S.K.: 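Below you will find the structure I want to go over with you.
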2 protein chains.
Amino acid sequence: MATGRTHRPATRSRGIPEATVARLPLYLRALTALSERSVPTVSSEELAAAAGVNSAKLRKDFSYLGSYGTRGVGYDVEYLVYQISRELGLTQDWPIVMVGIGNLGAALANYGGFASRGFRVAALIDADPAMVGKPVAGIAVQFIDDLERIIDENGVSIGVIATPAGAAQQVCDRLVAAGVTSILNFAPTVLSVPDGVDVRKVDLSIELQILAFHEQRKAGEENGAPAPAAAAPVAPPVAARTAAAPAAPADAPGDGRNGPDGDMPAVMPA
Amino acid sequence: MATGRTHRPATRSRGIPEATVARLPLYLRALTALSERSVPTVSSEELAAAAGVNSAKLRKDFSYLGSYGTRGVGYDVEYLVYQISRELGLTQDWPIVMVGIGNLGAALANYGGFASRGFRVAALIDADPAMVGKPVAGIAVQFIDDLERIIDENGVSIGVIATPAGAAQQVCDRLVAAGVTSILNFAPTVLSVPDGVDVRKVDLSIELQILAFHEQRKAGEENGAPAPAAAAPVAPPVAARTAAAPAAPADAPGDGRNGPDGDMPAVMPA
DNA sequence: CCATCTTTGTGCACGCGTTCACAAAGACAT
DNA sequence: ATGTCTTTGTGAACGCGTGCACAAAGATGG
């Protein structure tokens, strides 16, 4: 999954576990697909398969919402779509602002998934004067100086940050100061926010790195040894090398940029 | 977090808990930043703050990797960067293919975060003949018919899917058949894959929906009542309404768009 | 009206992840 | 060399999430 929580209350909101909340959109998506095919009811088993989860988990999730569903029959699709939508707050309109209209920001703005479910892009904001006025996804980009006014006038409470890492915290602070209380962060940085502000982050690079870990493990198992060069179960501790000046960087990697294949020498500091 | 696991072995790989693996890239990023500032050592407290996690959690995470770190001093930044990189498999080169070069796919291809850490975009693939040959991020888009050949010739084991939802499963099947064993899925669909194949998914819409849930909850608490109309703790079960035709959608919500405050009537189907 | 069959809702146990709290290890000063 | 002080590494307790397994509920057929 490409998501990671940041500063979450951890306390279950209104009795609904966080893990369940995270799955509700999944169920909603599957139910919407069924609804479009005019399927009247589904069993927990069918719906669970469509959502890619365990059926017991699905039933338990739904039990937190209430006793919808009819024993011996299943769940009424339309009714459940409505209940989950309401629970997620999708029955109302959420104006959002997106800050940082670069490659990623523009792609996100064009992404239909945003506007599809109650979310409305109220404004696109960028710090580059050259971008201002340009239409992206049919909306003219506005200058970042107007950020506070835009948020206030549109009643925005959700912001999306797609700026470079260096600008993210600063933008975040301004968003929060202007009244935004939920932030979706695409910049590869840890954002610090006051209590009461929710941050969710999406980091593409991190997802790939997690995949690489498992990929490496798979490759290592096939090659006979438990792990190729990565085997050495207990690596030698750093030991005596404390006040040895910043000579540290000199002994670990070969040099700043290593070989063209991007690989590291297997030699380790003694 | 904008990520969600799918079909994960759940068994800890080589003794390293999955939750720890997911945090390693976070630590690595923070350490890299320190390294660039030529900071020789960090304490668990400092590094934890930079990575946005608990210091005890960080120390426990590192303990799974081995006993790096020196008591009374902290961790050697360069050494730790190397150790984590090696553990994640980033000391080797990972050729990846990206399928679906639309708005999102093109943005991802241009995204520097991919190439930065051992990942190399080996090919961009699309099903639209009009796209083929066009350079995106300096690479010419190739036709999907060559997918198997491309994967084979480049030894690709990681694939990124950025196609529309409808095409995702089909593309996934072809990737897996061609030998890809790790997939990062940006399409809003549940992918089914055989055992041994890892899938991580990133769904922007889902992240926003989770934020909306918490946002709604916050708004509800401020307005006095624990939850506005969403309160009704135990909603009446759907009960007798089985073969009642698709009349369901007609009785649940008042109408398509409800009141200006975006709330729903408390009336439920009897 | 009764029997059977399907499917929900949930009590319970298990395992993973998080956090606390502290002993051990080492640096540093004297 | 000895003592003090800092920081790691980890044992142990706790809590959440997951999955099993089953009883209760209701539909369906006779």
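Just so it is clear, the structure is predicted and the values come from calculations on it, not from any experiment. Below, chain A is the first sequence line, B the second, and so on; all start at residue 1. All values below were derived from every heavy atom in this structure, side-chain atoms included, with hydrogens, water molecules and symmetry-related copies excluded.
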S.K.: So, is A/Arg59 close to the D/dC22 phosphate, meaning a side-chain N or O under 4.0 Å from OP1 or OP2?
M.R.: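 No, no such contact exists.
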S.K.: Nearest-nucleotide wise, let me know which of A/Arg71 and A/Asn54 is further upstream toward the 5' end of DNA chain D.
M.R.: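 Whichever sits nearer the 5' end wins; that is A/Asn54.
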S.K.: Can you check whether B/Ser44 has a side-chain N or O nearer than 4.0 Å to OP1 or OP2 of D/dT8?
M.R.: yes
S.K.: Report the distance from atom CG of B/Leu65 to atom C1' of D/dT10, rounded to the nearest whole Å.
M.R.: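 Going from CG in B/Leu65 over to C1' in D/dT10 covers 15 Å.
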S.K.: Expressed as a whole number of angstroms, how long is the span from B/Asp61:CG to C/dT18:P?
M.R.: 7 Å
S.K.: Would you mind reading off the distance between A/Leu58 atom CG and D/dG19 atom P, rounded to a whole angstrom?
M.R.: 12 Å
S.K.: Could you tell me how far apart A/Glu46 (CD) and C/dT6 (C1') are, to the nearest whole angstrom?
M.R.: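 The answer, rounded to whole Å, is 12 Å.
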S.K.: Tell me which nucleotide among D/dG19, C/dT18, C/dG9 gets nearest to the side chain of A/Tyr75.
M.R.: C/dG9
S.K.: Can you tell me the distance, in whole Å, between the OH atom of A/Tyr68 and the C1' atom of C/dT7?
M.R.: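 Computing the A/Tyr68:OH to C/dT7:C1' distance gives 19 Å.
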S.K.: Let's see if you can work this out: which of D/dA21, C/dG9, C/dC20 has an atom nearest to the side-chain heavy atoms of B/Ala56?
M.R.: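 Nucleotide nearest to B/Ala56's side chain: C/dC20.
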S.K.: Can you list the residues that meet the ring-ring contact (aromatic ring centres under 6.0 Å, His included) rule with A/Phe62, with sequence neighbours excluded?
M.R.: A/Tyr27, A/Tyr75
S.K.: Could you tell me, to 10°, how much the axis swings from one end of the helix from C/dC1-D/dG30 to C/dT30-D/dA1 to the other, five pairs per end?
M.R.: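 Inter-axis angle at the termini of the helix from C/dC1-D/dG30 to C/dT30-D/dA1: 10°.
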S.K.: Quick one: label B/Phe62 by what it contacts on the DNA or RNA (base, sugar-phosphate, nothing), any heavy atom closer than 4.0 Å.
M.R.: nothing
